[in-house]
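Okay, so here's the structure we're looking at.
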Amino acid sequence: MNFPIEAVRKRFPALSLTDGGRRRVYLDNPAGTQVPQAVADAVSRCLLTTNANLGGFFETTVAAQQVVDDAHTAMADFLGAASPQEIIIGANMTTLTYHMSRTLGRTMKGGDEIILTRMDHEGNVSPWLQLAEDLGLVVRWLAFDERSWQVEEATLSALLSDKTRLVALNYASNLTGSINRVKALTAIAKQAGALVYVDAVQFAPHGLIDVQNLGCDFLACSAYKFFGPHMGILWGRRDVIDALNPYKCRCSSDGLPERFELGTPQIELMAGLTAAVDYFADLGAAAGESGSRRARIAKAFELSIAYENVLAQRLIDRLSDIEGLTIHGITDPARVGERVPTVSFTVAGMVPETIVRQMNAENIFLWSGHNYAWEIVHQLGIPAEEGVVRIGIAHYNRAAEIDETLESVHRVVAMLRQERS
């Protein structure tokens, strides 16, 4: 079945917006996607009909609890978790990681070692660096291979020791787009007795996650990267989180996952979160999958991955035609399945922001800068104050938008070169 791009686009009101009669091209998706109408409707409906705090016996508080329970169940289906009790929902991935890092810090002592990668977003680096500073932990840095653009198993193995307590990994890079072999890396870390914490923020919109199959202990993602509201989700393996003593109010619940969810939850956003998960399930159902919600989600990803890969390779191939342009990531068509459709590049002698400002003026939305991939730009020797041009595809983008964007890149680069000459 071909991907139903026009039917998909009709579900996203933002895609039809214009500015002064000019269309919008949303290629800023690695920083946050647009949402289906159903997500906005769910948030609005919750605020208007089930707006109450939790724990009471009247109608709206009971209904609000159901919204919260439904969101945890939806995310358990989305991530392949064994139970909704393993799903922790909070403000965003970074906040959740800071909180969990402090909780895990209670199990560590000075001299213990943690491994961080040069490939991660700062949200999976700074919390651990600061924990190490607080506790006197030893930080081991895991570089990515600049030929494969991935973290290699042998490199990780060389860093592990009997003092390693945690390995923080990312599933896919928000700059290079590269997908790491998380299951294999996790297996190596677990053999050494280390916990594994995975940042899946950039992977979640583009591939099916199965936390039980991966074997990791924690996995975090952000709903606003997969067509949902602004909030973060952290899965924790039940036996691991059950043994932890989190920072929380003295009178707060000791149940799971409540003891990790600080304060009053974002109930209306949880309603939107469930709607975002159901959007994937609906897409799978439209493709003929009639099984469980998990099976329908898997079918949706099967379709969207094939569609996105074609767009990504189309983008990479034509960018590669530009003299002096360097794509920082996998470009081999045979390996397109080893990356998400996030493509970053630099052009010799040009500041990325200058290119992006010109393209933004054409109502093509994309980003420049380091995009919090702080360690990547430093490993690659890219000036952090400049960074890269980043184009990020979502499955609601048309091939025509990619072609229009490519024409813009060619035109802008030629114009800037002419101005310099």
Side-chain angles (χ1 to χ4, degrees), residues 28-33 71 75 78-79 86-106 114-135 137 139 141-142 166-176 180 182 195-206 209 211 216-236 241 244 246-248 257 260-266 269-270 272-273 276 340 342 367 369-378 384 387 390 392:
D28 57 332
N29 300 299
T33 51
M75 281 308 303
F78 190 77
L79 298 177
E86 296 180 326
I87 302 296
I88 301 163
I89 302 176
N92 51 62
M93 175 271 178
T94 302
T95 299
L96 286 169
T97 303
Y98 266 106
H99 182 211
M100 188 55 70
S101 71
R102 269 50 198 168
T103 297
L104 288 171
R106 287 178 153 177
I114 60 175
I115 295 176
L116 309 179
T117 84
R118 301 284 188 193
M119 191 172 168
D120 273 86
H121 183 282
E122 271 299 291
N124 201 28
V125 176
S126 285
W128 308 110
L129 280 181
Q130 291 160 16
L131 179 70
E133 183 179 354
D134 291 345
L135 299 182
L137 307 179
V139 176
W141 285 102
L142 176 57
L166 178 130
V167 177
L169 299 169
N170 67 339
Y171 211 142
S173 167
N174 74 318
L175 190 147
T176 69
N180 280 319
V182 172
L195 293 171
V196 178
Y197 192 102
V198 177
D199 172 6
V201 170
Q202 288 300 317
F203 184 80
H206 305 294
I209 296 170
V211 289
C216 56
D217 301 287
F218 300 92
L219 182 140
C221 57
S222 297
Y224 68 99
K225 304 296 176 74
F226 58 83
F227 317 116
H230 286 88
M231 61 193 328
I233 303 95
L234 174 62
W235 168 83
I241 61 174
L244 295 176
Y247 288 89
K248 69 178 188 66
F260 292 97
E261 296 180 341
L262 306 183
T264 301
Q266 302 148 293
L269 299 187
M270 290 187 179
L273 176 59
V340 297
T342 296
W367 289 99
H370 56 70
N371 298 300
Y372 282 75
W374 191 247
E375 290 299 328
I376 292 181
V377 295
H378 281 87
R390 185 177 71 176

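If you're wondering where the values come from, they're calculated on a predicted model, not measured in any experiment.
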Does [X] reach the side chain of [Y], with side-chain heavy atoms less than 4.5 Å apart?
X    : Y    : result
I241 : F218 : yes
L116 : V139 : yes
T117 : E375 : no
L169 : L142 : yes
L79  : E86  : no
T342 : N174 : no
F78  : I87  : no
I209 : W235 : no

Taking all non-hydrogen atoms of both residues, which atom of [X] and which atom of [Y] are closest, and how far apart?
X    : Y    : answer
W374 : A384 : CZ3-CB, 3.5 Å
M231 : G90  : CB-O, 3.4 Å
P265 : M270 : CB-CE, 3.6 Å
C216 : V198 : CB-CG2, 3.8 Å
D199 : D120 : CB-OD2, 4.0 Å
F226 : P205 : CB-CA, 3.9 Å

Aromatic plane relationship, Y224 with H230 - under 30° parallel, 30 to 60° tilted, over 60° perpendicular: parallel
Trace of the side-chain contact (heavy atoms from CB on, under 4.5 Å) decision for V201 with H121: CA-CA 9 Å; V201 170; H121 183 282; over 6 Å; no
Check for a donor-acceptor pair, side chain of [X] on one end and backbone N or O of [Y] on the other, with a separation under 3.5 Å.
X    : Y    : result
E122 : Y372 : no
D217 : V196 : yes
R118 : H378 : no
T33  : F227 : yes

Derivation of the side-chain contact (heavy atoms from CB on, under 4.5 Å) call for V125 and W141: CA-CA 10 Å; V125 176; W141 285 102; 3.7 Å; yes
Calculate, to the nearest 0.5 Å, the distance between atoms [atom1] and [atom2] belonging to [X] and [Y] respectively.
X    : Y    : atom1 : atom2 : result
N92  : L234 : CG    : CG    : 11.5 Å
R102 : L131 : CZ    : CG    : 5.0 Å
Y247 : F260 : OH    : CZ    : 12.5 Å
M93  : L219 : CE    : CG    : 9.0 Å
D134 : Q130 : CG    : CD    : 7.5 Å

Working for side-chain contact (heavy atoms from CB on, under 4.5 Å), residues L96 and M100: CA-CA 6 Å; L96 286 169; M100 188 55 70; over 6 Å; no
Check against side chain to side chain donor-acceptor pair (under 3.5 Å), Y197 and T97: CA-CA 9 Å; Y197 192 102; T97 303; 2.8 Å; yes
From CA spacing to verdict: side-chain contact (heavy atoms from CB on, under 4.5 Å), C221, M75: CA-CA 10 Å; C221 57; M75 281 308 303; 4.1 Å; yes
